[in-house]
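Here is the structure we will look at, set down as structure tokens.
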Amino acid sequence: MERQYDCLAVGSGMAGAVAARVLAEQGGKRVLVLERRDHIGGNAYDCLDHAGVLIHRYGPHIFHTNSRRVYDYLSRFTAWRDYQHQVVANIPCQDGRLEYPVPFNLTSLEAAFGPERAVSLADRLLTAYGPERKVTILELRQNPDPEIAALADYVYDHVFVRYTMKQWGQTPEEIDPATTARVPVFLSRDSRYFQDTYQGMPQRGYTPMFQAMLDHPNITLALGQDARTRLELSGGAICLDGAPFTGTVIYTGAVDELFGLCFGRLPYRTLDFSYETHPVDFWQTHGTVNYTVDEAYTRITEFKYLTGQQLPGRTTIVKEYSRAYTGNEGEIPYYAIISPQNNALYEKYRALSGQFPNLHLLGRLAEYKYYNMDAIVLRALELCDGLLKGAHTHV
Ligand code: FAD
Ligand code: UDP
């Protein structure tokens with residue numbers, strides 16, 4: 001019997017949606033997309049809330065990339081609203097609360113230490129590292145100059161250590177150094193959170209962008225379908241609905257789940273989101289405010305800054321609370337906890353997946369990596385390049 005589909009994509013987030021579109025369009029493949037949620041878009045999904053505010057249901061997502069290829073590819077499915085994200089740290093102080101830019105920069109230095117002291121500290125920093133340099137907090141703490149070391153301690157105490165404890169349950173020294181390196185001390189007056197060449201928000205939101213991407217005659221989308229109920233993997237062969245499936249399978253979910261947790265559960269952090277709608281135009285000073293010293297939540301994001309939605313007298317914010325993922329019903333694994341031990345466990349699953357020549361692990365969960373959206377899009381495009389050039393035998 002002729003098979004109905006050439007390829008299967010499990011998941012309709014950035015990874016699954018981009019791969020499905022490329023295989024369907026450039027490869028002429030008939031692609032089935034299985035998505036277990038009742039909507040497309042993965043964690044980038046957005047929708048209107050009860051107050052009519054456009055919100056991100058799985059935490060704030062800001063698009064930024066240095067990859068022209070990624071930007072051009074997504075631009076086929078959306079126009080962009082120019083948006084340069086700015087974040088401030090909100091810190092209790094003698095006079096109430098203080099706010100200054102994160103990443104900690106020369107403007108933050110002035111706000112924290114006053115103009116005079118800031119000038120001398122900035123001089124020392126610029127002499128040591130040079131202008132417009134980004135220095136990780138762990139690197140800054142190694143500086144032998146006592147004045148710079150004292151400043152590094154201040155930034156560590158007021159920006160990093162408690163936020164990191166809330167987010168990861170571990171100190172900045174205990175987590176993967178690449179994580180705090182995402183938010184370095186920046187010897188600049190540039191107060192944007194990202195310096196990437198291309199930044200913005202999909203003009204009408206992420207969900208319409210995903211709709212446009214998945215809208216192709218060769219793509220069949222099935223929502224509310226957990227692939228694990230339809231797939232069987234054994235002896236190097238994959239069955240779909242009980243019949244052998246030799247086409248490409250792109251799996252973008254958690255790999256430990258795919259193999260029934262056979263080597264044990266991969267550790268993740270999950271988040272609880274608490275949304276509040278307030279009867280004001282704007283509730284806070286910036287798109288995101290990080291609570292780097294106190295409060296149980298890590299940050300508050302106000303969506304109207306990100307989306308540019310014009311909606312007087314109403315605004316919705318979200319507070320993020322991080323905790324260990326346990327696998328309980330309703331929990332979502334958001335952040336892989338990168339460590340040598342966890343990576344070794346992941347490698348066991350990856351090796352097992354290698355026994356299935358038509359199975360490809362793609363995405364933030366399936367690859368157990370801390371990838372931004374743009375990195376996922378690029379990986380999807382590159383995987384499909386290889387598949388369509390026949391570098392992989394099973395397409
Ligand atoms: P996901 O978006 O997780 O999609 C995976 C999909 O697979 C999901 O829809 C899931 O339901 C589905 N799935 C899983 N298992 C199965 C199964 N068995 N059967 C069927 N379907 C299944 N990146 C940025 O670039 N900018 C940001 O500002 C940003 N902010 C973020 C904020 C938060 C709180 C988080 C957690 C992440 C953020 N990211 C951001 C990262 C971004 O979310 C990811 O890079 C991106 O969503 C990864 O896409 P993906 O397709 O790999 O995974
Ligand atoms: N971080 C911090 N304080 C901040 C911002 C970030 O300590 O004000 C650290 C923290 O460990 C965090 C990491 O830097 O997990 C990466 O921050 P980013 O904003 O990139 O995290 P994400 O948006 O991916 O949750």
Side-chain angles (χ1 to χ4, degrees), residues 8-19 33-45 56 58-65 70 85 87-91 101-104 136-137 155-156 158-168 170-172 175-184 193-194 196 199 201 206 210 222-231 250-255 257-258 268-271 273 287-293 298-299 301 306 318 320 322 332-336 361-367 369-377 379-380:
L8 173 66
V10 176
S12 64
M14 284 289 176
V18 170
V33 178
L34 294 179
E35 169 56 63
R36 72 176 168 199
R37 295 179 185 168
D38 62 1
H39 61 75
I40 57 174
N43 290 341
Y45 172 72
H56 298 177
Y58 306 95
H61 281 69
I62 298 106
F63 179 74
H64 56 101
T65 190
V70 167
H85 195 47
V87 177
V88 288
N90 181 297
I91 293 168
V102 174
F104 193 92
T136 72
I137 185 59
V155 177
Y156 181 86
H158 290 81
V159 179
F160 284 96
V161 69
R162 275 169 279 193
Y163 187 102
T164 299
M165 285 303 297
K166 284 192 270 184
Q167 177 71 8
W168 298 99
Q170 290 178 288
T171 64
I175 64 172
D176 177 22
T179 300
T180 47
R182 289 165 62 92
V183 188
Y193 205 59
F194 311 111
D196 300 41
Q199 305 192 32
M201 299 291 290
Y206 287 97
F210 281 100
L223 294 177
Q225 300 269 314
D226 191 323
R228 292 169 306 169
T229 64
R230 298 182 58 178
L231 288 177
I250 293 180
Y251 178 82
T252 75
V255 68
E257 279 185 5
L258 179 65
Y268 290 95
R269 298 290 288 180
T270 188
L271 297 171
F273 297 109
T288 296
V289 178
N290 286 1
Y291 286 78
T292 54
V293 170
T298 50
R299 59 188 177 189
T301 296
L306 278 56
V318 65
E320 293 176 48
S322 172
I332 294 174
Y334 285 113
Y335 293 89
L361 303 179
L362 177 73
R364 180 153 151 142
L365 287 170
E367 297 182 63
K369 291 264 165 51
Y370 198 159
Y371 282 139
N372 289 328
M373 290 183 284
D374 65 324
I376 298 296
V377 173
R379 289 190 71 72

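Since the model is a prediction, treat every value here as computed from it, not as a measurement. As the structure lists them, so they are numbered: ligands from 1, and atoms in each ligand from 1.
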query: Which of the atoms in ligand 1, numbered in the order shown and given with their element, are less than 4.0 Å from a heavy-atom of D226?
result: 17 (C), 18 (N), 19 (N)
- prompt: Is R364 close to ligand 1, meaning an N/O of one under 3.5 Å from an N/O of the other?
  reply: yes
- request: Identify, by atom number and element, the atoms of ligand 2 in contact range of N290, meaning under 4.0 Å from any of its heavy atoms.
  value: 4 (C), 5 (C), 8 (O)
task: Say whether R299, considering both its backbone and side-chain N or O atoms, lies within less than 3.5 Å of an N or O atom on ligand 1.
output: no
- request: Specify the protein heavy atom at minimum distance from atom 6 (C) of ligand 2: its residue, its atom name, and the distance to 0.1 Å.
  value: V183 CG2, 3.7 Å
field: atom 38 (C) of ligand 1 - nearest protein heavy atom and its distance
entry: H61 NE2, 3.3 Å
task: Identify, for atom 10 (C) of ligand 2, the protein heavy atom at the shortest distance, and state residue, atom and that distance.
output: T164 OG1, 3.5 Å
query: In this structure, which one of E320, K166, R299 forms a side-chain contact (heavy atoms from CB on, under 4.5 Å) with Y291?
result: K166
message: Please list the nearest protein heavy atom to atom 9 (O) of ligand 1 with its residue and the distance rounded to 0.1 Å.
response: E35 OE1, 2.7 Å
- prompt: Within the structure, does A227 bring an N/O atom to less than 3.5 angstrom of an N/O atom in ligand 1?
  reply: yes
Shortest protein contact, atom 36 (C) of ligand 1 (heavy atom only): Y334 CD2, 3.5 Å
- prompt: Side chain or backbone of E257 under 4.0 Å from ligand 1, or both, or neither, by non-hydrogen atoms?
  reply: neither
query: Do any heavy atoms of R299 fall under 4.0 Å from ligand 2?
result: yes
Ligand 1-proximal atoms of A375, by part, heavy-atom distance under 4.0 Å: neither
message: Using a 4.0 Å cut-off to any heavy atom of Y371, which atoms of ligand 1 qualify?
response: 41 (C), 44 (C), 45 (O)
message: With a heavy-atom distance limit of 4.0 Å, tell me whether Y58 approaches ligand 1 through its side chain, its backbone, both, or neither.
response: backbone
query: Which bit of L271 gets closer than 4.0 Å to ligand 1, counting heavy atoms only: side chain, backbone, both or neither?
result: side chain
statement: So the atoms of ligand 2 within less than 4.0 Å of a heavy atom of T292 turn out to be 8 (O)
task: Measure H61 to ligand 2 on non-hydrogen atoms and call it side chain, backbone, both or neither using the 4.0 Å cut-off.
output: neither
task: Report yes if Y335 has an N/O atom closer than 3.5 Å to an N/O atom of ligand 2; otherwise report no.
output: yes
field: Contact (N/O only, under 3.5 Å) between M14 and ligand 1
entry: yes
message: Considering both backbone and side-chain atoms of P60, is one of its nitrogen or oxygen atoms within less than 3.5 Å of a nitrogen or oxygen in ligand 1?
response: yes
task: Heavy-atom contacts with V159 under 4.0 Å: which atoms of ligand 2 show up? List them by number with element.
output: 2 (C), 3 (N), 4 (C), 7 (O), 8 (O)
message: Suppose I only count heavy atoms of Y370 and a 4.0 Å limit; which atoms of ligand 2 are within that range?
response: 16 (C), 21 (O), 22 (P), 24 (O), 25 (O)
field: Residues H56, Y206; criterion ring-ring contact (aromatic ring centres under 6.0 Å, His included); working and verdict
entry: CA-CA 9 Å; H56 298 177; Y206 287 97; 5.5 Å; yes
- prompt: Considering distance alone, does some N or O of Y251 sit under 3.5 Å from an N or O of ligand 1?
  reply: no
- prompt: Which residue and non-hydrogen atom of the protein lie closest to atom 16 (C) of ligand 2, and at what distance in Å?
  reply: T179 O, 3.4 Å
- prompt: Counting heavy atoms only, which part of L34 comes closer than 4.0 Å to ligand 1: side chain, backbone, both or neither?
  reply: backbone
Subset of ligand 2 atoms that lie under 4.0 Å from at least one heavy atom of Q167: 15 (O)
- prompt: Does an N or O anywhere in D374 fall below 3.5 Å from an N or O of ligand 1?
  reply: no
query: Non-hydrogen atoms of Q225 versus ligand 1: any pair closer than 4.0 Å?
result: yes
- request: Examine F160 against ligand 2 and note whether any of their N/O atoms are separated by less than 3.5 Å.
  value: yes
Those atoms of ligand 1 less than 4.0 Å from some heavy atom in Y335: 33 (C), 34 (C)
message: Is there a polar contact between ligand 1 and S12, counting only N or O atoms under 3.5 Å apart?
response: no
task: State the atoms of ligand 1, each with its element, that fall below the 4.0 Å cut-off from a heavy-atom position in G363.
output: 52 (O)
query: Is there any N or O on T180 that sits under 3.5 Å from an N or O of ligand 2?
result: no
- request: Please indicate, with yes or no, if any protein heavy atom is found under 4.0 Å from atom 53 (O) of ligand 1?
  value: no
- prompt: Looking at G11, which atoms of ligand 1 are within less than 4.0 Å of one of its heavy atoms?
  reply: 6 (C), 7 (O), 12 (C), 21 (N)
query: Looking only at distance, does V10 have an N or O less than 3.5 Å from an N or O of ligand 1?
result: no
message: As an exercise, identify every atom of ligand 1 less than 4.0 angstrom from a heavy atom of G253.
response: 14 (C), 15 (N)
query: Polar-atom distance check: Y193 versus ligand 2, any N or O pair below 3.5 Å?
result: yes
field: Element-labelled atoms of ligand 2 that are located less than 4.0 Å from some non-hydrogen atom of V102
entry: 8 (O)
- prompt: Can you check whether I62 has an N/O within less than 3.5 Å of an N/O in ligand 1?
  reply: yes
The single option from Y268, Y371, Y58, Y370 passing ring pair (Phe, Tyr, Trp, His ring centres under 6.0 Å) against Y335: Y370
